[in-house]
A.B. asks: 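Please find one structure pasted underneath; my questions will follow.
Keep in mind it's a predicted model, so treat the numbers as computed, not measured.
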Amino acid sequence: MTIPFKTVRERWNADPAYREAHGAIGPEMELGFSMAEARARAKLTQEEVAQRMQTSQGQIARWERGQVMPSTASLRRYAEAVGARLRIQLEAKEA
């Protein structure tokens, strides 16, 4: 039985230690999490996304793990492959 990622994320967010650690992650991991969540919502594997983007499954994995930052053009192609809308946003730092 597969547990939906949303359910897992809600369980993680209920843990104060997780929330603290999550707050300390860098933008690479934040982006990777967002990409993996979008792919999960689309019910696609990394291989399926890679085929749609004409790239390798390994490249998708590196992006989703936050090891490599994709270019804006690659993010646009990834969004199209998973049926999502790309939105880039800058937020003010908390004081």
Side-chain angles (χ1 to χ4, degrees):
M1 182 174 131
T2 303
I3 299 172
F5 187 76
K6 180 180 178 183
T7 302
V8 173
R9 185 182 48 196
E10 288 170 355
R11 289 179 189 167
W12 287 343
N13 284 328
D15 180 359
Y18 171 81
R19 286 194 312 271
E20 181 179 341
H22 187 267
I25 64 171
E28 294 86 358
M29 285 302 303
E30 187 89 26
L31 177 58
F33 289 155
S34 294
M35 293 173 79
E37 286 183 38
R39 181 176 54 77
R41 279 193 306 273
K43 296 181 170 78
L44 296 170
T45 65
Q46 289 179 344
E47 183 63 37
E48 290 168 327
V49 173
Q51 288 174 358
R52 289 178 181 199
M53 292 182 65
Q54 298 180 346
T55 190
S56 70
Q57 178 274 327
Q59 184 64 53
I60 302 301
R62 286 187 288 278
W63 290 338
E64 290 184 1
R65 284 194 308 262
Q67 289 180 312
V68 177
M69 286 291 283
S71 67
T72 305
S74 293
L75 284 171
R76 188 175 298 117
R77 289 178 34 234
Y78 187 97
E80 289 174 12
V82 299
R85 180 176 66 100
L86 176 62
R87 190 176 91 188
I88 298 172
Q89 180 177 342
L90 298 174
E91 295 178 349
K93 290 184 178 183
E94 295 179 17

A.B. asks: Around atom CD of Gln54, are there more than 12 heavy atoms of other residues, nucleotides or ligands at under 6.0 Å?
C.D. replies: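 Not more than 12 within 6.0 Å, no.
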A.B. asks: Write out all pairs satisfying salt bridge (Lys or Arg N to Asp or Glu O under 4.0 Å) with one or both partners inside residues 62-72, taking only residues at least two apart or from two chains.
C.D. replies: Arg39-Glu64
A.B. asks: Can you list the residues that meet the side-chain contact (heavy atoms from CB on, under 4.5 Å) rule with Gln51, with sequence neighbours excluded?
C.D. replies: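 side-chain contact (heavy atoms from CB on, under 4.5 Å) list for Gln51, sorted by chain: Glu47.
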A.B. asks: List for me each residue that meets side-chain hydrogen bond (donor to acceptor under 3.5 Å, both in side chains) alongside Arg52, sequence neighbours excluded, and say none if there are none.
C.D. replies: none
A.B. asks: Kindly give the cluster partners of Leu75, where membership spreads through any ILVMFWY side chain lying under 4.5 Å from a current member.
C.D. replies: Leu31, Met35, Leu44, Val49, Met53, Ile60, Trp63, Val68, Met69, Tyr78, Val82, Leu86, Ile88
A.B. asks: Which residues pass the side-chain contact (heavy atoms from CB on, under 4.5 Å) test with Arg85, not counting sequence neighbours?
C.D. replies: Arg87
A.B. asks: For Glu28, give me all partners under side-chain hydrogen bond (donor to acceptor under 3.5 Å, both in side chains), at least two apart in sequence or on another chain.
C.D. replies: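 So Glu28 forms no side-chain hydrogen bond (donor to acceptor under 3.5 Å, both in side chains) with any residue.
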A.B. asks: Donor-acceptor pair, Gln59 side chain versus Ser56 backbone, under 3.5 Å?
C.D. replies: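 Judged by distance alone, no pair lies under 3.5 Å.
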A.B. asks: Looking at every non-hydrogen atom in both residues, tell me the closest pair between Gly66 and Met29 and how far apart they are.
C.D. replies: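 Taking Gly66 first and Met29 second, the nearest heavy atoms are CA-SD, 4.0 Å.
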